[in-house]
Chemist: 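Mind looking over this structure? Questions follow.
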Amino acid sequence: MMAVTAVAGMSLVVTGCSKRDNVESQRQDVAEAQMEAQQETAEIRQDAREDIASTQTEAQEDIAGTQREAAEEVASARQDVQEERDDLAEAEAERREDLNDDLALGGSGVAGAAAASSVSGRVLSTGGDELTVVDTRNNKQLELKTNDQTRILHNNQPLKLDDIEEGAQVRASYVQDGEDMVVRELTVTQPVQKKK
């Protein structure tokens, strides 16, 4: 009986040890699971930090790109404004030069220069110091006079009024001198084509 009691006692000890080992194994499993969870959490946090840093870098690059584009657009707009100013200054200089030319050609001062007009049209007739032009804009006939100061040109070469044939296309700038419209400059833009 004693042997049975010893075997039973042994059996209880082995069973108790086995349960202790099982509990210890489960504790180790829990500890390992906690460590794995902590590592995964740390990795997730690291990934999130990297994603945030990457997003911030991309956002900064986008902002820098947008600022560069805006600066380029501002520079382009400033250049356009400067070109417009240059064009305006050039046009103003040409206007002053034309005004001075009109005055030098015998215009009657500022009033004569202010009355300067121009016409483009077809020559109906010439004779003496006069020519008749049909204005291409309104089909109106204008009787123009020339004088010693009138410049008559074709291809930047001087001409005489008698050299201009009926039907030639001309452009004339003139001033009102009392009842007369006196030509300051007459340019033949398209002479009459000779028939062969």
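Worth knowing before you read on, the calculation uses all heavy atoms, side chains too, and leaves out hydrogens, waters and symmetry mates. Please read all numbers here as calculations on a predicted model, not as lab measurements.
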Chemist: Below 3.5 Å, can you tabulate the donor-acceptor pairs from side chains in residues 27-38 to any protein atom, sequence neighbours excluded?
Modeler:
none

Chemist: Is any side-chain heavy atom of V182 closer than 4.5 Å to a side-chain heavy atom of Y174?
Modeler: no
Chemist: From L159 CG over to L186 CG, what is the distance, rounded to the nearest 0.5 angstrom?
Modeler: 8.5 Å
Chemist: Looking at K160 and D162, is any side-chain nitrogen of the basic one under 4.0 Å from a carboxylate oxygen of the acidic one?
Modeler: no
Chemist: Ignoring hydrogens and angles, state whether a donor on the side chain of N147 or T150 is under 3.5 Å from an acceptor on the partner side chain.
Modeler: yes
Chemist: Has N139 got more than 12 heavy atoms of other residues, nucleotides or ligands less than 6.0 Å from its CG?
Modeler: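 No - once you tally the heavy atoms of other residues, nucleotides and ligands closer than 6.0 Å, there are 12 at most.
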Chemist: Any side-chain heavy atom of M181 sitting closer than 4.5 Å to one from Q176?
Modeler: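 Yes, at least one pair of side-chain atoms sits under 4.5 Å.
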Chemist: State, yes or no, whether a side-chain contact exists between L131 and V133 at a heavy-atom distance under 4.5 Å.
Modeler: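 Touching, per the 4.5 Å side-chain cut-off.
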Chemist: Rounded at 0.5 Å granularity, tell me how far CG in L144 sits from OG in S117.
Modeler: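 Answer rounded to 0.5 Å: 10.5 Å.
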Chemist: What is the minimum heavy-atom distance between V170 and V123, and which atoms define it?
Modeler: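 Scanning both residues completely, I find the closest heavy atoms to be CG1-CG2, 3.7 Å.
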Chemist: Between the side chains of T132 and E143, is a donor N or O closer than 3.5 angstrom to an acceptor N or O?
Modeler: yes
Chemist: Quick one: pull up CD in Q39 and CD in Q46 and give me the separation to the nearest 0.5 Å.
Modeler: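 One finds 13.5 Å between CD of Q39 and CD of Q46.
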Chemist: With side-chain contact (heavy atoms from CB on, under 4.5 Å) as the test, would you mind laying out the steps for R184 and Q149 before giving the verdict?
Modeler: CA-CA 7 Å; R184 295 296 171 220; Q149 296 169 341; 4.1 Å; yes
Chemist: Just to verify, what does Q141 make a side chain to side chain donor-acceptor pair (under 3.5 Å) with, not counting sequence neighbours?
Modeler: none
Chemist: Please tell me if the side chains of Q157 and L153 come closer than 4.5 Å, counting only heavy atoms from C-beta onward.
Modeler: no
Chemist: Evaluate whether atom CD of E179 has more than 12 neighbouring non-hydrogen atoms of other residues, nucleotides or ligands under 6.0 angstrom away.
Modeler: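 Incorrect, the count does not exceed 12.
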Chemist: Under a 4.5 Å cut-off applied to non-hydrogen side-chain atoms, are E58 and S54 in contact?
Modeler: yes
Chemist: Check whether any side-chain heavy atom of R122 lies under 4.5 Å from a side-chain heavy atom of L124, and answer yes or no.
Modeler: yes
Chemist: Under a 3.5 Å distance rule, please check whether T57 uses its side chain to pair with a backbone N or O of A53 as donor and acceptor.
Modeler: yes
Chemist: Can you name the closest pair of heavy atoms from G121 and T136 and give their distance?
Modeler: CA-CG2, 3.5 Å
Chemist: So do Q169 and S120 actually touch side chain to side chain, heavy atoms under 4.5 Å?
Modeler: no
Chemist: So how far is it from T66 OG1 to E73 CD, rounded to the nearest 0.5 Å?
Modeler: 10.0 Å
Chemist: Give me the atom names and distance for the closest heavy-atom approach of P191 to A168.
Modeler: CA-CB, 4.2 Å
Chemist: Is any side-chain heavy atom of R45 closer than 4.5 Å to one of D47?
Modeler: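 Heavy-atom side-chain distance check fails, nothing below 4.5 Å.
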Chemist: Quick one: CD on E84 to CD on Q79, what's the gap to the nearest 0.5 Å?
Modeler: 11.5 Å
Chemist: Can you tell me how far apart CG (D180) and CG (D129) are? Round to the nearest 0.5 Å.
Modeler: 9.0 Å
Chemist: For L161 versus I152, what's the shortest heavy-atom pair and its separation?
Modeler: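 Shortest heavy-atom separation between L161 and I152 comes out as N-CD1, 3.7 Å.
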